[in-house]
Amino acid sequence: MKSPLLATLAGRFGAKSASAAGVTGRFYLFCPHFTPPLFRAPKVYLSVTRGWFRRCGRCATIQVFPQEIVEPPKAGLKKERISVMKNAKISRRSFLKAGAVASAVGMLSAAPVAVHAAEADASAAADEENGLLDVFKKPKYVFLFIGDGMGTAQIQSARFYKGTVDNNGAVTEADLSFTSFPQVGSVTTYDSTSFCPDSASTATSIATGHKTESGVINMCPWTRDVPYETIAEKLHAQKGYKVGVVSTVNIDHATPAAFYAHQKTRKNYYEIGVELAKSGFEYFAGGEFQKVQGDGTGPDNHAVAASAGYNVVTTQADAAALTAGAGKTLIIAQNLADGKAMNYAMDAAAGEWQLTDYVKKGIELLDNPKGFFLMTESGKIDWACHANDAAASIHDVLEMSNAVQAAVEFQNKHPNDTLILVTADHETGGMAIGYKTTNYDTFLTNLTHQKMSYAKFDSTYVQNYIANKTPFEAAMQDVKASFGLTLPTDPDAANAGKLLLTDYEVQNLRTAYERTLKVGSASQKDMSQQDYELYGTYIPFSMAICHTINHKSGMDHTTYAHTGAMVNVYANGVGAEKFGGVFDNTEIFHKLADLTKVK
């Protein structure tokens with residue numbers, strides 16, 4: 001342990017023990033083999049004891065702080081200690097670590113002697129101090145939640161939305177399951193090629209502690225010929241932890257892949273699926289493989305996984321039937337939506353499994369005496385923010401909060417063995433709370449009128465509009481039903497409130513609708529700058545709808561891609577204190593490796 005921590009423990013113990021025993025002075029830890037210089041002022045004494053606590057062990061006893069100066073130990077003792085280290089053939093670092101642990105144990109075990117005169121108070125003080133021994137523990141159960149694209153605005157918008165909706169429009173901030181965690185850090189996300197990185201490189205940083213290029217998964221930058229071992233692989237191989245990987249998007253997408261695969265490009269989808277099967281990890285759950293058939297000349301990814309001993313489960317009923325001891329398992333969500341990923345939380349049918357259900361199943365299948373590591377990605381926060389769909393993002397953040405709560409409930413049963421981390425790989429969309437026309441206000445309750453994501457609106461309605469050349473006014477009836485946006489000519493216009501469209505907004509929607517019928521979505525190279533800034537590569541009508549309801553609610557976005565904004569990391573449990581402050585995303589790996597003692 002680091003010496004400042006032990007000095008802090010000593011200071012706290014000395015103060016509490018003295019008070020409990022009714023003594024006005026302080027206690028100090030006396031070791032017959034080594035006694036530091038003692039000064040008249042206890043504060044000064046405590047400031048010079050850091051090295052001493054490293055060297056004291058079970059032989060130490062607690063003494064009352066003297067009023068007179070005590071002679072320092074003889075110089076020869078230092079040589080004797082060095083000789084002991086050499087004869088024992090241990091490193092100074094190992095010796096100091098062992099001494100630190102022993103001294104803390106000795107200090108706490110001596111507490112009843114020092115405070116015998118006040119048994120009741122002393123017992124309470126000892127109980128509190130004994131709890132501090134948890135600083136020497138390593139987490140046996142590690143949960144890492146990654147909200148893909150989940151910057152501070154994504155979190156805050158979910159908190160504001162929930163708070164105001166639950167309180168009839170009042171300006172009230174709600175808590176999420178992780179926002180009250182005792183430790184919060186701020187993390188930089190840039191990679192080897194950009195301050196606005198992609199998910200492959202940022203997930204590589206979190207999983208391996210190395211920077212690489214955008215689009216590369218766990219390989220060194222530029223030459224791409226040296227693979228990096230992930231924290232999941234290390235825990236699996238070195239500590240015997242079971243490992244699980246969950247995502248709301250494709251299970252071979254960049255973020256989940258960064259915990260088990262090593263590829264020069266994230267687009268090697270079939271090869272990533274093969275690596276999944278070779279990993280030997282015990283639990284996978286998420287959306288379908290993106291190129292499940294490969295080039296068609298070999299077995300598909302399902303067959304590859306099955307041949308590696310996995311239970312390949314593709315129905316919710318079969319997933320629910322799985323119990324502890326089921327063996328290695330790959331669950332592909334039964335209800336797939338855009339991009340063969342899981343549904344957005346706001347689009348999920350009643351009873352349809354969401355992220356929380358897959359986390360609970362993962363806990364059930366992974367729980368074992370040696371421990372486990374479970375990485376869970378809420379990947380569609382990112383997809384929603386790419387499409388500037390604020391409501392879809394908010395609902396997926398809220399669902400992720402529910403999933404984290406499942407981990408918290410597990411932690412409550414294993415408080416001395418569990419670490420929960422919640423972070424993001426990067427921010428997506430440049431989300432902002434506040435818009436030009438709403439000035440110093442927001443109207444987030446407007447978003448309650450949005451009943452589906454942009455993606456579901458596309459698949460449910462827009463494809464039919466294109467095929468049937470549906471008139472604009474008819475399409476706007478569906479927009480009213482699904483988003484609440486109402487034309488001034490609508491019979492219910494008087495009741496539309498803040499969702500009544502202005503003439504300017506109607507014209508923007510009409511222009512987007514006409515482009516949708518004529519062109520549909522297009523790549524950036526095939527679009528004018530103006531059209532790209534308005535619609536990105538999405539269906540123009542859907543983007544215009546999302547932008548309109550966002551703006552009326554007091555929200556906006558700056559991009560259809562990622563930004564360089566810092567993201568938060570929230571930590572709770574064993575080792576959480578390591579994750580406070582400001583640091584780079586690579587440090588998440590190094591802090592986890594240090595806590596779990598992997599090499």
Side-chain angles (χ1 to χ4, degrees), residues 337-339 344 346-347 383-393 429 431 435-438 443 446-561:
D338 53 315
Y344 285 101
M346 70 185 307
D347 296 336
W383 289 21
C385 292
H386 275 293
N388 295 179
D389 189 338
S393 167
M431 179 185 280
Y435 184 63
K436 295 184 282 289
T437 57
T438 56
F443 304 97
N446 286 345
L447 295 175
T448 61
H449 295 274
Q450 183 172 335
K451 306 303 182 185
M452 61 181 66
S453 71
Y454 79 96
K456 187 171 183 181
F457 186 77
D458 283 348
S459 60
T460 304
Y461 296 107
V462 176
Q463 299 308 316
N464 290 329
Y465 300 157
I466 294 172
N468 300 322
K469 304 300 180 183
T470 304
F472 173 70
E473 286 72 16
M476 285 303 297
Q477 289 302 306
D478 296 328
V479 172
K480 175 186 173 183
S482 301
F483 295 86
L485 299 173
T486 305
L487 290 171
T489 56
D490 191 280
D492 294 328
N495 301 317
K498 294 186 182 302
L499 293 176
L500 180 65
L501 294 166
T502 66
D503 292 341
Y504 172 74
E505 292 165 337
V506 172
Q507 186 55 51
N508 288 341
L509 288 166
R510 188 184 297 276
T511 300
Y513 188 73
E514 290 170 355
R515 180 176 173 84
T516 297
L517 297 186
K518 183 185 294 185
V519 179
S521 60
S523 63
Q524 185 175 359
K525 66 181 179 61
D526 296 325
M527 303 175 72
S528 68
Q529 179 179 346
Q530 180 182 23
D531 285 339
Y532 182 75
E533 289 186 5
L534 288 171
Y535 315 123
T537 57
Y538 297 90
I539 295 290
F541 190 44
S542 300
M543 285 305 92
I545 292 169
C546 285
H547 291 160
T548 302
I549 194 169
N550 290 348
H551 297 166
K552 283 183 169 295
S553 304
M555 296 193 65
D556 198 16
H557 298 78
T558 65
T559 180
Y560 301 103

Trainee: Return the set of residues passing side-chain hydrogen bond (donor to acceptor under 3.5 Å, both in side chains) with His547 (not counting sequence neighbours), or none when no residue passes.
Mentor: Asn388

Trainee: With heavy-atom distances below 4.5 Å as the criterion, would you say the side chains of Met527 and Val519 are in contact?
Mentor: no

Trainee: Tell me whether Asp492 at atom CG has more than 12 heavy atoms from other residues, nucleotides or ligands lying less than 6.0 Å away.
Mentor: yes

Trainee: To check you understand the geometry: which heavy-atom pair defines the closest contact between Cys385 and Ser393, and what is its length?
Mentor: SG-OG, 3.5 Å

Trainee: Considering residues at least two apart in sequence or located in another chain, which fulfil the side-chain hydrogen bond (donor to acceptor under 3.5 Å, both in side chains) criterion with Lys456?
Mentor: none

Trainee: Which is it for Ile545 and Leu485 under the side chain to side chain contact (heavy atoms under 4.5 Å, CB included) test, yes or no, and what are the steps along the way?
Mentor: CA-CA 8 Å; Ile545 292 169; Leu485 299 173; 4.1 Å; yes

Trainee: Does Lys469 reach the main-chain N or O of Leu517 with its side chain, forming a donor-acceptor pair under 3.5 Å?
Mentor: yes

Trainee: What pair of heavy atoms forms the shortest contact from Val479 to Phe541, and how long is it?
Mentor: CG2-CZ, 3.7 Å

Trainee: Give me each pair satisfying salt bridge (Lys or Arg N to Asp or Glu O under 4.0 Å) with a member in residues 534-552, each pair once, sequence neighbours excluded.
Mentor: Glu505-Lys552

Trainee: Working note: Phe483 + Leu499, criterion side chain to side chain contact (heavy atoms under 4.5 Å, CB included); need CA distance, chi angles, decisive distance, verdict.
Mentor: CA-CA 9 Å; Phe483 295 86; Leu499 293 176; over 6 Å; no

Trainee: Can you see which heavy atom on Tyr465 is nearest to which on Ala475, and at what distance?
Mentor: OH-O, 3.6 Å

Trainee: Any non-hydrogen side-chain atom of Pro540 less than 4.5 Å from a side-chain atom of Leu534?
Mentor: no

Trainee: When you look at Thr537 and Tyr532, which way does the side chain to side chain contact (heavy atoms under 4.5 Å, CB included) test go after all the steps?
Mentor: CA-CA 7 Å; Thr537 57; Tyr532 182 75; 3.9 Å; yes

Trainee: Is the closest side-chain heavy-atom distance between Tyr435 and Asn550 below 4.5 Å?
Mentor: no

Trainee: Where do Ala392 and Met346 come nearest, in terms of heavy atoms and distance?
Mentor: CA-SD, 3.6 Å

Trainee: Please enumerate all residues that pass ring pair (Phe, Tyr, Trp, His ring centres under 6.0 Å) together with His449, with sequence neighbours excluded.
Mentor: none

Trainee: Mind checking ring pair (Phe, Tyr, Trp, His ring centres under 6.0 Å) for Tyr535 and listing every partner two or more places apart, or none if nothing turns up?
Mentor: none

Trainee: Checking Asn468 side chain against Asn464 main chain: does a donor-acceptor pair fall under 3.5 Å?
Mentor: yes

Trainee: Nearest 0.5 Å, please: how far is CD in Gln477 from OG in Ser482?
Mentor: 11.0 Å

Trainee: Looking at Val506 and Pro488, what are the two nearest heavy atoms and their distance?
Mentor: CG2-CD, 3.8 Å

Trainee: Side chain of Asp347, backbone of Ser453: donor and acceptor closer than 3.5 Å?
Mentor: yes

Trainee: Enter the distance from Lys451:NZ to Thr460:OG1 here, rounded to the nearest 0.5 Å.
Mentor: 15.0 Å

Trainee: What class does the angle between the rings of Tyr461 and Phe457 fall in, given that below 30° is parallel, 30 to 60° is tilted and above 60° is perpendicular?
Mentor: tilted

Trainee: Kindly give the heavy-atom pair with the smallest separation between Ala391 and Gln450, and that separation in Å.
Mentor: CB-OE1, 3.3 Å

Trainee: How many angstroms lie between atom CG of Leu509 and atom OG1 of Thr516, to the nearest 0.5 angstrom?
Mentor: 10.0 Å

Trainee: Is the shortest side-chain heavy-atom distance between Gln529 and Gln524 below 4.5 Å?
Mentor: no

Trainee: Is there a donor-acceptor pair under 3.5 Å between the side chain of Ser553 and the backbone N or O of Met555?
Mentor: no

Trainee: Applying ring pair (Phe, Tyr, Trp, His ring centres under 6.0 Å), name anything that partners Tyr454, two or more places apart in sequence or on another chain.
Mentor: Tyr538

Trainee: What is the distance from atom NZ of Lys480 to atom CG of Asp478, rounded to the nearest 0.5 Å?
Mentor: 11.5 Å

Trainee: Please report the C-alpha distance between His386 and Tyr560 in whole Å, then the side-chain angles of each, then the deciding distance to 0.1 Å, and finally whether the ring-ring contact (aromatic ring centres under 6.0 Å, His included) criterion is met.
Mentor: CA-CA 5 Å; His386 275 293; Tyr560 301 103; 9.1 Å; no

Trainee: One pair to check against side chain to side chain donor-acceptor pair (under 3.5 Å): Gln507 and Thr511. What are the steps and the verdict?
Mentor: CA-CA 6 Å; Gln507 186 55 51; Thr511 300; 3.2 Å; yes

Trainee: Which distance, rounded to the nearest 0.5 Å, do you find between the CE of Met431 and the CG of Asp556?
Mentor: 10.0 Å

Trainee: Treating Thr548 as the side-chain partner and Ala544 as the backbone partner, does any N or O pair qualify as donor plus acceptor under 3.5 Å?
Mentor: yes

Trainee: For Ser542 and Val462: C-alpha separation, side-chain torsions, deciding distance, then whether side chain to side chain contact (heavy atoms under 4.5 Å, CB included) applies.
Mentor: CA-CA 8 Å; Ser542 300; Val462 176; 3.9 Å; yes

Trainee: Would you compute the distance between atom CD1 of Ile539 and atom OH of Tyr513 and round it to the nearest 0.5 angstrom?
Mentor: 11.5 Å

